[in-house]
Amino acid sequence: MTSRQAMKEKGLYIKLIPIMLAFFAMGFVDLVGIASNYVKADLSLSDAEANIFPSLVFFWFLIFSVPTGMLMNRIGRKRTVSLSLLVTFFSLLLPIFGDSYGLMLASFSLLGIGNALMQTSLNPLLSNVIRGDRLASSLTFGQFVKAIASFLAPYIAMWGATAAIPSFGLGWRVLFPIYMLIAIVAILALGATSIREEEPAGKASSFGECLSLLKDPFIALCFIGIMCHVGIDVGTNTTAPKILMERLGMGLHEASFATSLYFIFRTVGCLLGSFLLARMPTRLFFGISALMMALAVGGLSFCQGEYALYVCVGLIGLGNSNVFSIIFSQALQSMPRYKNEVSGLMIMGLFGGTIFPLLMGALSDLMVSQTGAIIILGIGVIYLLFLYARLKD
C-alpha cells in the first residue's frame, strides 16, 4: 500500500468513527422493548396497553420517513443526522422527570421521530463514505454497532432497578441519562467531521413522487420485507420475556435476560455478517437467515424448557441480524439515482414495528397466551422466505 493509499484509508476511518457513534445512538430505539415491560409492571397495564409503547415509537416512521428523504435533498444527509440526534437527546431527557403514562408516551414519540430521521439519513450518509460491494457489509457492521446499544439496554435497566449501579433515585430509568450522554458525544463528533455528499439527481422529489417508487415491484417487495424484519425484531424483544414469565413463572428482572440474549445474538450475527457478506452470495446468506428464524419460531410454539426457549430466541436474533442490511442495500442499488427517496421508503417500512406489536398484543389477550404473539411472528418469517426467492445474487 502506498503512502497516499494509507492516508486515504486513515481519512476513511476518521469519517467512520462519528458515523458509527450515530449507529450506536440508532440502537437506543430498541430500549423500548424492555422499557415497555417495566412500565407495564409499574403501571399495571395489560399486554395490549403496554404494546402501545413500541407501536407508538414505530408509528412515526410512517409519518416522517419519506419527508426526511425530501429534507435530505434540501439540507443534506449530515445535517439531517445531526437533527435526528438532537431530537433523540430530548427524548432521553424526559424520563428523568418521571415515568407517568403521558410522559413516557411523549418520550417514546420523540424517540420514534428521532430514529425515523436517523435511520432514513444515516444509511445514505454511510454510502457517501463506503461505496460499491462493500456497502452491504458496512451497513451490517453499522447494525452490529447498533446492536451493542440494543443488548446493553436491558442490562442497564436491570442494574438500575436492582441498585447494582448508582441509579440516582431513577431505578431502571437510569438507562435514559446514560444514553443521553452518548447522544451528546455523537452530536459533537459528527459536527466536527467533514463528509462530502453527492448532489441529488435533478430537482427534489415530491411526496407523491417518492411514494410512486413503490410501483416498482422489487421496491415494493423490499418495503414489505423491511416491515416484517422490524416487526419480528420489536415483537421478539418485547415478547420473549413474557414467554418466559408465562411458561416458566419467572419474574421480570430474570426474564429480561431473554431480551438481552436476543440482542447478543443479533450483535454476533451482525459481526459475522459484516465478514460473510463480503465472501458469499447475498441471496444464499439471506435464505439461511430466514430458515434459521423459521425453525426458531416453530420451536417457540412448542418448547417448554428454559434452555430450549433461549436457543429459539437466540436463533431469531442470529437470523434477523442481517435482514435489514441485505434488503436495504439491494433496494438502494436497484435505484442508485434515487437513494434519498428509496431510503425514505425503506425506513417507512419500519412502520412494521407498530403493526406487529399491536397485533401480537391483541391476539395474545384474545388467546390468553403468548402463542398469539408467536403466530404473528410466524407470518413475518413466512414472508421473508417468500422474499428470498426474489432477491438478486
Side-chain angles (χ1 to χ4, degrees), residues 12 15-27 29 61 64-88 113-146 186-187 189-191 193-207 209-211 213-214 216 218-219 222-223 225-226 229-230 274 277 322-350:
L12 176 67
K15 290 178 181 179
L16 281 177
I17 290 172
I19 291 177
M20 290 304 153
L21 265 176
F23 268 105
F24 188 87
M26 187 191 289
V29 73
F61 286 89
F64 281 94
S65 297
V66 170
T68 301
M70 298 160 61
L71 178 66
M72 283 191 289
N73 283 333
R74 294 182 178 275
I75 69 172
R77 296 165 184 172
K78 179 184 166 184
R79 288 180 180 175
T80 307
V81 173
S82 296
L83 176 62
S84 73
L85 288 167
L86 187 62
V87 175
T88 300
I113 293 168
N115 212 260
L117 292 168
M118 194 182 306
Q119 297 225 35
T120 306
S121 54
L122 185 55
N123 294 299
L125 182 63
L126 178 61
S127 74
N128 285 126
V129 179
I130 302 292
R131 301 176 186 274
D133 295 339
R134 296 172 63 187
L135 180 59
S137 60
S138 297
L139 283 170
T140 295
F141 186 75
Q143 292 297 309
F144 161 70
V145 174
K146 172 182 179 286
I187 292 169
L190 187 62
T193 304
S194 175
I195 299 175
R196 184 178 178 181
E197 300 182 37
E198 61 204 26
E199 292 294 325
K203 66 180 182 64
S205 299
S206 68
F207 189 86
E209 288 170 337
C210 289
L211 290 180
L213 296 179
L214 285 172
D216 182 285
F218 186 71
I219 294 293
C222 289
F223 176 80
I226 286 191
H229 154 73
V230 75
S274 65
L277 278 169
N322 299 287
V323 169
F324 175 86
S325 301
I326 293 171
I327 296 175
F328 191 93
S329 63
Q330 290 222 353
L332 282 185
Q333 290 170 12
S334 72
M335 287 191 168
R337 286 174 56 83
Y338 298 98
K339 283 184 179 179
N340 289 350
E341 292 84 350
V342 170
S343 177
L345 282 176
M346 292 303 107
I347 300 306
M348 182 191 279
L350 297 184

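Hydrogens, waters and symmetry mates play no part in the numbers below; they use all other heavy atoms, side chains included.
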Check: Going from CG on Asp216 to CE on Met335, what distance comes out if it is rounded to the nearest 0.5 angstrom?
Finding: 4.0 Å
Notebook entry, point to check: Atom CG in Leu83, atom NZ in Lys78: separation rounded to 0.5 Å?
Noted result: 14.0 Å
Next item on the list: Check Ser121 against Val81 and note the closest heavy-atom contact, atom names and distance.
Entry: OG-CG2, 3.2 Å
Check: Are any of the side-chain heavy atoms of Thr120 and Leu71 separated by less than 4.5 Å?
Finding: no
Next item on the list: Dump the intermediate steps for side chain to side chain contact (heavy atoms under 4.5 Å, CB included) on Phe328 and His229, then the final yes or no.
Entry: CA-CA 11 Å; Phe328 191 93; His229 154 73; over 6 Å; no
Item checked: Non-hydrogen atoms of Phe64 and Ala116 that approach each other most closely -> CB-CB, 4.1 Å
Next item on the list: Would you give the length of the straight line joining atom SG of Cys222 to atom CG of Leu213, rounded to the nearest 0.5 angstrom?
Entry: 12.0 Å
Note to self: Could you check whether any side-chain heavy atom of Thr88 comes within less than 4.5 Å of a side-chain heavy atom of Asn115, counting everything from C-beta outward?
What the structure shows: no
Notebook entry, point to check: What is the distance from atom CE of Met118 to atom CG of Leu86, rounded to the nearest 0.5 Å?
Noted result: 10.5 Å
Notebook entry, point to check: Do you know the tightest heavy-atom contact between Met72 and Pro124?
Noted result: CE-CG, 4.3 Å
Next item on the list: Walk me through it: do Leu16 and Leu126 pass the test side chain to side chain contact (heavy atoms under 4.5 Å, CB included)?
Entry: CA-CA 8 Å; Leu16 281 177; Leu126 178 61; 3.6 Å; yes
Notebook entry, point to check: Any idea which heavy atoms bring Ile219 and Ser334 closest together, and the distance?
Noted result: CD1-OG, 3.5 Å
Next item on the list: With rounding to the nearest 0.5 Å, note down the distance linking CD in Gln119 to NZ in Lys146.
Entry: 5.5 Å
Margin query: For a 4.5 angstrom cut-off between non-hydrogen side-chain atoms, does Leu122 reach Thr80?
Written below: no
Margin query: If you define the side chain from C-beta out and look only at heavy atoms, does anything of Phe223 sit under 4.5 Å from Met346?
Written below: yes
Margin query: Counting C-beta onward and ignoring hydrogens, is there a side-chain heavy-atom pair between Phe218 and Gln330 closer than 4.5 Å?
Written below: yes
Notebook entry, point to check: Which atom names give the shortest non-hydrogen contact between Ala189 and Leu21, and what distance separates them?
Noted result: CB-CD1, 3.9 Å
Next item on the list: Please report the closest heavy-atom contact between Ser82 and Leu190, naming both atoms and the distance.
Entry: OG-CD2, 3.6 Å
